[in-house]
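Chain A is the first sequence line, chain B the second, and so forth, proteins listed ahead of strands; every chain is numbered from 1.
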Amino acid sequence: MDAIARIKQLGMPRRNDELWTFFPVAKIPAPEFPDACASEEDFSGETDFAALLPVAQNARTMVQNIADGSEEMALLKCNNDFGRTVLNIGKNAKASFEILDNKVEHQISAERFDLHVGEGADVEIFFANPANDLPLKFRHFSIEQSANSTVRFSSIERGNGISRVSLDCHLRGNGARFEIRTLNVLGGSSESHHRLHIYHDVPETTSIQFSRNLLDGSSRASYDGSVIVGNGCTKAFSSQLVNTILLSEDSSVSVKPVLKIYHDDVECTHGNTVGELDADQMFYLVSRGIPAEKAKKMLISSFARELFYPLPDSPAKRRLLQVLG
Amino acid sequence: MLSIKNLKASIEDGTQILKGINLEVKPGEVHAIMGPNGSGKSTLSKVIMGHPAYHVDEGAVELDGKNLLEMEICDRANSGLFISTQYPTEIPGVNNVEFLKMALNSKRAYLGQPEIGDDEFKKLIDEKMALLEMDERYRDRGVNDGYSGGEKKRNEILQMAILDPKVSFLDETDSGLDIDALRIVANGINHIMSPEKAVILVTHYQRLLDYIKPTYVHVLRHGKIILSGGPELALKLEEQGYDWIEEK
Ligand SMILES: Nc1ncnc2c1ncn2[C@@H]1O[C@H](COP(=O)(O)OP(=O)(O)OP(=O)(O)O)[C@@H](O)[C@H]1O
Ligand SMILES: [Mg+2]
């Protein structure tokens, strides 16, 4: 079944659809599709509208192959409302991809990224663009990891519109490791939503999810992260942590951790904290003469920066910390 | 220079903690404040600095004739008041040295002075760290982040040394310090002290006062200063505790 047919079969996202629980689905414009789908891939198993949309719109596909054992740094930018990028990363390759924002300004943009990560490969993929004004932005990631591969996904969202990142990651080989760090710095009426499914398909796999939110104005963030540990998948480790600081009365955050574990010998943790700026830390800084506005900025910036400190020294870390000033 | 008159302050639920504190501190003086646990010593330091957990019910606090109680917290600090807290707060993401520089430059801006140059600041911090025999590790870490109790206290005095306040209120700086550290920190405080400045020390033990000789010793109990005297009072308290005072 092609992507257009599949979208028509699924219908538009609805609030009671568990992939769209926190999303303002009424704001998604009903798409007009081309006459025929250029891609003949079978999407009958795909359930996320955002994963199908770029394909159904016949987005131009960019394929990048990274040879076994090679080292590569690349910028990914699609110059259209809809885009698709397929990254085939060879065995033991080392790759760093920065995703740049579209400059197009229409009602909606949707991009899809497919990552096939070879054995022992080390991949980082990140974005940290200046605030963009796209009213509605979807980014879908479909990741498959072979044995002993590592993927580190890092992002800073601080747009003025509504963005949604959906991500499905399959850890298909022993020793595979997936890490995601997302920071939302939102104000006004902006929204940022994350929806993840991480599948521990084999034993001895690791997933780390860490999300931080700094929410001002009437902004909203949501984090809907599911971890699925398959039957017989011993020694899986997964952690999920979401920390939010609400800087205003009207901002809000929703967190939905889901663990589906079909085996005993696994370690899965999740945590979620929501608070305001620490009053003792504020007092300490101002009692040393630092004006309150500046002290507040220091604490906000340190909360944000801390998220990326654990990253190895790499283009991603440098870029993300540079963006945070 | 620091004048506290009939200061009364309470916490959010209305309980009054400070019940009329009077204290006059002149340049060159060292005041020791002693008193049982829970008597209001730490509260006094936080109230004069303007901690938001306390409400001032009555009284006045002036620094060189300026009404502190009407000033923003940062302005109180930049006017020359320093308080070292009993339990220094950890701020993991904020680098200790950058924080010190920011604090010093805030004071300079308040006083209409230009920012300190990088070389000058480095010289200053090197000198003060040497004075307090501080480990290089302090430079790269977050403010008090993972410091031991004693390291935190030493870091407080480093801040005092850098900011060079007129009046320092040091709350149990001696607790948590080992014997050598106590000597080093006390010497540091003596070094920073000068005839134009004043220090208020809160302590439970005589041993700090062996190093830093107090001009006056005060006993604070139930939110009031109930007795003041010279250095000999501390010795008597060490021997006899506090109960004899109320018996009088
Ligand atoms: N923010 C607060 N909320 C509730 N109670 C408080 C608060 N601050 C002070 N108190 C109470 O006020 C009293 C005085 O506290 P404070 O910390 O000033 O005592 P202290 O003299 O410094 O004692 P210690 O010698 O143990 O350090 C105590 O009973 C304490 O519980
Ligand atoms: Mg105390």
Go through the side-chain N and O atoms of [X] and [Y] and say whether any donor and acceptor fall under 3.5 Å apart.
| X | Y | value |
| --- | --- | --- |
| B:D171 | B:S42 | yes |
| B:S10 | B:T15 | no |
| A:Y223 | A:Q209 | yes |
| A:N160 | A:S190 | no |

Option in B:V143, B:I73, B:N95, B:L81 with maximal non-hydrogen atom pairs under 4.5 Å from chain A =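 Maximum pair count with chain A is reached by B:I73.
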query = Relative to chain A, which of B:A53, B:S106, B:P92 shows the most heavy atom pairs under 4.5 Å?
reply =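 Of B:A53, B:S106, B:P92, B:S106 has the most heavy-atom pairs under 4.5 Å with chain A.
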Tell me, side chain or backbone of [X] under 4.5 Å from chain A's heavy atoms, or both, or neither?
| X | result |
| --- | --- |
| B:L163 | side chain |
| B:D75 | neither |
| B:E72 | neither |
| B:E90 | backbone |
| B:Y110 | neither |

ask   = Are B:K166 and B:E196 within salt-bridge range, i.e. N to O under 4.0 Å?
value = no
inquiry  = Tell me whether the count of non-hydrogen atoms from other residues, nucleotides or ligands lying under 6.0 Å of CD in A:Q322 goes above 12.
reply    =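 Yes, enclosed.
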Contact part of [X] toward chain B, heavy-atom cut-off under 4.5 Å: side chain, backbone, both or neither?
| X | value |
| --- | --- |
| A:R288 | both |
| A:E306 | side chain |
| A:Y309 | side chain |

inquiry  = I'd like to know whether A:F178 forms a ring-ring contact (aromatic ring centres under 6.0 Å, His included) with A:F153, so could you lay out the CA-CA distance, the side-chain angles of the two residues, the decisive distance to 0.1 Å, and finally the verdict.
reply    = CA-CA 8 Å; A:F178 173 75; A:F153 179 109; 7.0 Å; no
